[in-house]
Protein chains: 2
Amino acid sequence: MSLRAVAREAGVSPAAPYHHFKDKNELLEAIAEQGWDLLGDMLAKARIESGSNYGPLALVGVTYVRFAREHPALYRVMYDRSRDREALPDRQHGHNGAYDRVRTALVQAGLDPTDLVGLELAAVAAWSAAHGLAEMACFKQFQPLKDQLGGEEAFLRGVFEHMGIFAEGPKR
Amino acid sequence: MSLRAVAREAGVSPAAPYHHFKDKNELLEAIAEQGWDLLGDMLAKARIESGSNYGPLALVGVTYVRFAREHPALYRVMYDRSRDREALPDRQHGHNGAYDRVRTALVQAGLDPTDLVGLELAAVAAWSAAHGLAEMACFKQFQPLKDQLGGEEAFLRGVFEHMGIFAEGPKR
DNA sequence: GCGGCGATCTTGACGCCGTAAAGTATCTTG
DNA sequence: CAAGATACTTTACGGCGTCAAGATCGCCGC
C-alpha cells in the first residue's frame, strides 16, 4: 500500500495527505486505532451474546480470530503498529482497551481475581493463542481439516479446546 | 531492508544481486529457508536435551519462542514468507519440516497417534501458541511481570503452563 | 463590503527504491 | 589460445515517501 496510491484513489495530489497526517505511519496509526476500537466493540458484543454454546473465553477467542480473518489487511496494520511501538493498545493511548477486556473475561471465566500474576499470565496466554491462531488460520494446508470438521468456526473451536484456559469452566 | 543497501554493504553494485537471485523476494525466501533449518535443528537439539525441567512440549515451545526472540528479524522474514505463500514450511519445499517435528513431539507427549484430527488440532494449537507468544513476548508492558518472575524464561514457562497442551503429561 | 487568514490543495523537486538491458572483465575448459 | 560461462558494472525507468513553495477558497472581524 502506497500513500500515493491512496491519494490517487481519493482523487487528490500525492502531497495532499500531508495536510492531514504527519507522514504515512501516522495514517496507519489512525487506521489501526479505529481497528482496535472496532474489535473492542465486537468483543463486547460477543460477550453479551445469548444462546452461545461456547465457554466465555472461547467466545472472545473465536470472535477475535474471526475479526482478524474477516479484515486481514486491517488486522495486519493493527498488529504491526503494536509491534512497532512494542505495546498492546490500552486505554491510556485512547482506544478502548482490548487487553483489559481479556482480563475481565478471564475473571468471569472463573480465575482468581486476587492472583494478579496468574491473571496476567493467563491474559498473555489467551492473547497469544488468539493472535497465533489468527495468523495460522489463513494457511491453506488446514483447508482439508476445516472441511472435515464442517467449517472454519468448528476448526477454531477445536483448536481452542486444546488450550487449557479456553476450556469450559475455571482453570483445571 | 533494501536490496540496494545489501549490495552496498557487500561492496557491489545495486544490480549485482540479480545474478544470484531472481528478485528481492527470492533472496528473502532463501534467508527464510535457512532460518527454518536452523530452528529445526534447535528444536531437535532441545528434544534430546538432558536435565530439562520442562514437559516435552513446553520444551519445544520455549525453544521456539527463544529462537524468535534471539533472531527477531530473521523470524519475521521466516514467518512473513509463510504468510505470503499461505503455508507453513514442510519437507516438500526442501527444509526439514518443523511442522512435522511438532506432531512428533505431541505423540511423544502422550497424544493418541491414531486420532489424526485430534493430533492435527493439537499441532495447530501448539504452533499458534508458540508463534503468538513469540510475537507477544517482545511487548514492553510485560517487563515488570518478567522481572517479578525472575526472567523471561520463567515468564514463557508460566504462560505455557496456562495452555492445556503444554502442561506436563498427556492431555487432560 | 472587504481585507486578511487559515485550511486545503497543487506543483515541482529530491533522493531512495526495485528492476531491466546492455556492456565488460575475469575465470574455466576444450 | 579461443570460447564461453560467470560475476560484475553502468545506465536508465518508473514508483515511492517527503518537503518547500505557491495557489485557491471560505469565513471572520472591521
Side-chain angles (χ1 to χ4, degrees), chain A residues 1-39 68 70-89 92-95 131 134-135 138-140, chain B residues 1-39 68 70-89 92-95 131 134-135 138-140:
Chain A
M1 172 262 201
S2 92
L3 202 49
R4 291 176 106 108
V6 171
R8 257 190 321 264
E9 208 156 323
V12 294
S13 77
Y18 285 86
H19 294 268
H20 305 272
F21 303 93
K22 195 177 121 284
D23 55 17
K24 182 182 181 179
N25 190 61
E26 209 170 73
L27 204 208
L28 292 174
E29 297 260 21
I31 291 172
E33 194 172 317
Q34 280 187 235
W36 288 114
D37 283 346
L38 182 57
L39 173 56
E70 283 167 4
H71 314 283
L74 175 58
Y75 182 71
R76 190 93 90 91
V77 170
M78 288 158 60
Y79 204 88
D80 283 354
R81 298 304 113 186
S82 288
R83 197 163 26 204
D84 285 355
R85 70 162 93 235
E86 296 180 24
L88 257 2
Q92 290 182 331
H93 287 84
H95 10 65
H131 169 69
E135 297 227 65
C138 68
F139 292 144
K140 282 178 190 154
Chain B
M1 176 263 203
S2 90
L3 201 49
R4 290 176 104 108
V6 171
R8 252 184 332 258
E9 208 156 322
V12 294
S13 78
Y18 286 85
H19 292 265
H20 305 271
F21 303 94
K22 196 178 120 284
D23 55 16
K24 181 181 181 179
N25 191 61
E26 209 173 73
L27 204 207
L28 292 174
E29 297 259 21
I31 292 171
E33 195 173 317
Q34 281 189 233
W36 286 115
D37 281 346
L38 182 58
L39 173 55
E70 283 167 4
H71 314 282
L74 175 58
Y75 183 71
R76 190 93 90 89
V77 170
M78 289 159 59
Y79 204 87
D80 283 354
R81 297 304 114 184
S82 288
R83 195 160 30 204
D84 285 355
R85 69 163 92 234
E86 296 181 23
L88 257 2
Q92 288 182 332
H93 287 83
H95 9 65
H131 170 70
E135 297 229 67
C138 69
F139 292 145
K140 284 180 189 151

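By convention in this document, chain letters (A, B, ...) are assigned in the order of the sequence lines, proteins followed by strands, and residues within each chain are numbered from 1.
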Is it the case that atom CD in B:Glu9 sees more than 12 heavy atoms from other parts of the structure closer than 6.0 Å? no
Positive for side chain to side chain contact (heavy atoms under 4.5 Å, CB included) with B:Glu29, one of B:Lys24, B:Arg81, B:Met78: B:Arg81
Here the distance between atom C1' of D:dG15 and atom CD of A:Glu9, to the nearest Å, is 17 Å
For DNA chain C, which residues in residues 17-28 of chain A have a heavy atom at a distance below 4.0 Å? A:His19, A:His20
Heavy-atom closest pair (A:Phe21 atom, A:Leu27 atom, distance to 0.1 Å) is CD2-CA, 3.7 Å
How would you list, by chain and number, every residue that makes a ring pair (Phe, Tyr, Trp, His ring centres under 6.0 Å) with B:Tyr18, sequence neighbours excluded? none
Any idea which of D:dT10, C:dT19, C:dT10 is nearest the B:Ser13 side chain? D:dT10
Return the value, rounded to whole Å, for the distance between atom CZ of A:Arg8 and atom P of D:dG14. 14 Å
Looking only at non-hydrogen atoms, find the nearest pair between B:Ala134 and B:Ala68 and report the distance. CB-CB, 3.6 Å
Which residues pass the side chain to side chain contact (heavy atoms under 4.5 Å, CB included) test with B:Glu86, not counting sequence neighbours? A:Lys140
Side chain of B:Arg4: nearest nucleotide among C:dA13, D:dT10, C:dT19? C:dT19
